[in-house]
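This report concerns only the one structure given below.
Order of the sequence lines sets the chain letters (A, B, ...), proteins ahead of strands, with each chain counted from 1.
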Amino acid sequence: MDVQAASDEALMLALPDQSEALEALYQRHCRPALGLALRMLGDREAAEEVVQEAFLALWRYARTYQPARGSVRSWLLGIVHHRAIDRLRGRPAVAPLPDELGPDPGAPDVWTLAAQQLDRQEIQRALAALPPDQREAIELAYFAGFTHQQIASTLQLPLGTVKGRLRLGLGRLRGLLQDRVAGGS
Amino acid sequence: MNGTPHDFAVLAPAEREGLEDTLSAYALGALPDAEAAAVVRHLATCPDCRALALELRATVDLLPLVCEPAAPSPALKGRVLEAVEDARRAGPVSLVAPLPAAPSFPTAPAAPTPITWAGARPPRRLSLWAVLPTAALLLISVGLGLWNFQLQQEVRSQSAIAALYEASRQSWTLSPTREAPGARGVLIEPAAGGQPVLLVHGLPTPPADRSYQVWLIRDGQPVSVGLLRAGSEGQQSLQLQQALSGAQAAAISIEPAGGSPSPTGPIIMAAQL
């Protein structure tokens with residue numbers, strides 16, 4: 001198998017048996033994985049450990065990967081996120097995968113496919129365009145690993161307000177990104 | 001959130017908003033463990049909420065892409081390859097095709113003497129972590145009505161169950177008596193509400209005119225909480241009909257088919273709670 005030319009999905013199929021497949025996936029995705037882990041944990045050593053655990057999980061659960069649910073990169077980054085949250089909350093890494101949603105009810109929608117084409121600047125711009133209170137709530141939740149209750153007590157807000165900000169922020173973010181996808185910018 | 005599916009077509013706007021609040025926090029990983037476990041169980045039964053959760057997850061999946069990529073230290077690649085090589089040498093990946101043909105509950109030694117209804121039972125408590133993998137797989141295979149996922153979803157389901165365990169309050173290992181020395185059992189109490197679940201493996205098939213009946217003992221009085229259902233591969237399960245509160249022990253006895261109002265047969269497994 002020509003690992004350089006192979007798609008991520010093909011590499012996932014080969015992953016359990018071929019170490020070259022793992023090496024190729026590592027080369028392609030280690031940098032964004034470490035970027036996320038560093039942003040969340042702030043400590044290089046811990047971040048690299050999380051990345052190592054995530055690639056081990058990628059290998060271990062390769063057969064359960066479903067392309068219809070998203071790209072290999074999203075899957076890997078989801079595992080990194082999950083592991084980093086485990087650390088932030090000081091609990092043992094017990095759940096191997098970040099995904100309990102079960103089978104996708106249908107083929108990936110246009111939004112999912114299009115969203116994979118968005119680049120970093122576009123997503124950064126969309127996040128920056130959120131109302132600051134919504135962006136703050138989302139960042140505390142996703143990157144700092146706060147629960148909604150922790151956000152509420154940190155910001156001294158009612159829990160309902162925090163929940164509302166998370167919902168509105170996510171909805172708004174999706175809308176903004178959809179506009180960019182639709183606008184072809 | 002509970003086990004009742006929602007129909008978004010007829011949902012009041014405020015109720016839908018409340019669900020979306022919860023599912024948004026869930027998608028962002030911002031729910032406390034117990035609440036996340038409740039969502040996981042609900043998603044297994046509610047297609048509309050699952051579709052919404054998938055949609056929210058698709059947006060959340062874009063968030064990590066805002067991070068500046070970072071170059072790992074050169075040694076990391078070697079450590080990753082080595083970790084995988086170690087895992088490969090350690091044996092086949094048990095979670096990939098994990099229907100538990102040969103589940104191994106933590107071994108609980110057979111009680112030295114027959115346990116009677118009046119007898120004291122030795123306490124036996126194992127850590128949750130010790131029973132997690134097998135019990136989680138078992139939980140999938142016995143199909144409690146919550147986990148009707150496809151085989152390829154198993155690891156995902158297992159992750160869901162792991163979340164339940166993470167949030168579970170406690171679990172107890174049942175000790176077998178001489179009546180069924182090879183049997184293994186575990187009783188799990190979820191913290192996030194919901195009924196306790198009993199999982200048993202290795203009980204002999206009862207004669208046609210007999211059933212395994214499960215009891216909680218409160219102040220010396222046994223109260224029936226249901227009959228064990230036969231599952232595949234010699235596994236049996238029961239979602240208890242009541243919470244464990246106030247019970248000092250749980251026991252399984254063999255009774256006339258369909259159950260008995262009070263225990264008559266020998267105890268085959270028991271746990272002190």
Side-chain angles (χ1 to χ4, degrees), chain A residues 16 19 22-23 26 30-32 34-36 38-39 48 51-52 55-56 59-61 63-64 66 70 74 77-78 80-82 85 91 94-105 111-112 115 118 120 123-124 127 138 141-142 145-149 151 163-164 166-167 170 173-174 177, chain B residues 17 20-22 24-25 27-33 40 43-44 47 50-51 53-73 76-77 79-81 83-85 87 93 95-97 129 132 149-150 152-160 162-163 165-166:
Chain A
S19 54
L22 178 68
E23 218 171 321
Y26 178 85
C30 67
R31 293 164 52 89
L34 185 63
L36 173 62
L38 263 181
R39 164 105 185 233
E48 292 202 348
V51 169
Q52 179 178 331
F55 274 100
L56 181 60
W59 171 79
R60 198 181 285 283
Y61 303 109
R63 290 204 176 92
T64 71
Q66 294 178 88
S74 283
L77 293 175
V80 169
H81 183 252
H82 206 62
I85 290 231
R91 64 188 181 196
V94 51
L97 293 181
D99 190 345
E100 314 80 6
L101 293 176
D104 197 324
W111 156 246
T112 305
L118 290 165
R120 183 154 55 93
I123 299 166
Q124 276 172 339
L127 194 58
I138 285 182
Y142 188 82
F146 281 36
T147 65
H148 53 24
Q149 287 159 348
I151 298 172
K163 288 179 174 179
L166 294 175
R167 167 175 52 81
L170 264 193
L173 188 63
R174 179 180 167 93
L177 291 167
Chain B
E17 201 171 283
E20 199 168 337
D21 276 355
T22 302
S24 296
L28 285 160
L31 288 181
D33 293 343
V40 165
L43 290 177
R50 195 159 60 233
L54 281 165
E55 188 181 306
L56 292 164
R57 177 64 62 81
T59 303
V60 170
D61 277 350
L62 298 173
L63 286 173
L65 305 183
V66 306
C67 300
E68 195 76 43
S73 60
L76 183 59
K77 180 174 165 184
R79 290 206 298 271
V80 166
L81 296 175
V84 167
E85 212 36 59
V93 183
L95 291 174
V96 166
W129 309 112
L132 173 63
F149 290 164
Q150 302 293 317
Q152 65 267 32
Q153 255 65 55
E154 248 163 30
V155 173
R156 291 166 200 274
S157 303
Q158 195 189 17
S159 163
Y165 271 84
E166 219 171 321

How long is the straight-line distance from [atom2] of [Y] back to [atom1] of [X], given to the nearest 0.5 Å?
X: R120(A); Y: L62(B); atom1: CZ; atom2: CG; value: 14.0 Å
X: T59(B); Y: L173(A); atom1: OG1; atom2: CG; value: 6.5 Å
X: E48(A); Y: K77(B); atom1: CD; atom2: NZ; value: 14.0 Å

- Considering residues at least two apart in sequence or located in another chain, which fulfil the ring pair (Phe, Tyr, Trp, His ring centres under 6.0 Å) criterion with H81(A)?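 Applying ring pair (Phe, Tyr, Trp, His ring centres under 6.0 Å) to H81(A) gives Y142(A).
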- Task: Report the residues that fulfil ring pair (Phe, Tyr, Trp, His ring centres under 6.0 Å) with F146(A), sequence neighbours left out, ordered by chain and then residue number.
- Result: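 Ring pair (Phe, Tyr, Trp, His ring centres under 6.0 Å) check on F146(A) returns nothing, list empty.
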- Top residue by heavy-atom pair count (under 4.5 Å) with chain B, among C30(A), G164(A), G35(A)?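 Between C30(A), G164(A), G35(A), the count favours G35(A).
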Is chain B contacted by the side chain of [X], its backbone, both, or neither, given a heavy-atom distance below 4.5 Å?
X: L170(A); answer: both
X: L77(A); answer: side chain
X: L56(A); answer: both

- Query: Heavy atoms, side chains only, cut-off 4.5 Å: are L22(A) and L81(B) in contact?
  - Reply: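 Of all side-chain heavy-atom pairs linking L81(B) with L22(A), at least one is under 4.5 Å.
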- Backbone of P32(B) reached by a side-chain donor or acceptor of Q149(A) within 3.5 Å: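 It does not hold such a pair.
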- Query: Is the side chain of Q124(A) donor-acceptor paired with the backbone N or O of V66(B) at a distance under 3.5 Å, no angle test?
  - Reply: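 Yes, because the side chain of Q124(A) sits within donor-acceptor range (under 3.5 Å) of the backbone of V66(B).
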- Message: I'd like to know which of V60(B), T22(B), L76(B), L56(B) tops the heavy-atom pair count under 4.5 Å against chain A.
- Response: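 Heavy-atom pair counts peak at L76(B).
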- Query: Looking at G29(B), A83(B), A30(B), which makes the most heavy-atom pairs under 4.5 Å with chain A?
  - Reply: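 Looking at each option in turn, the highest pair count goes to A30(B).
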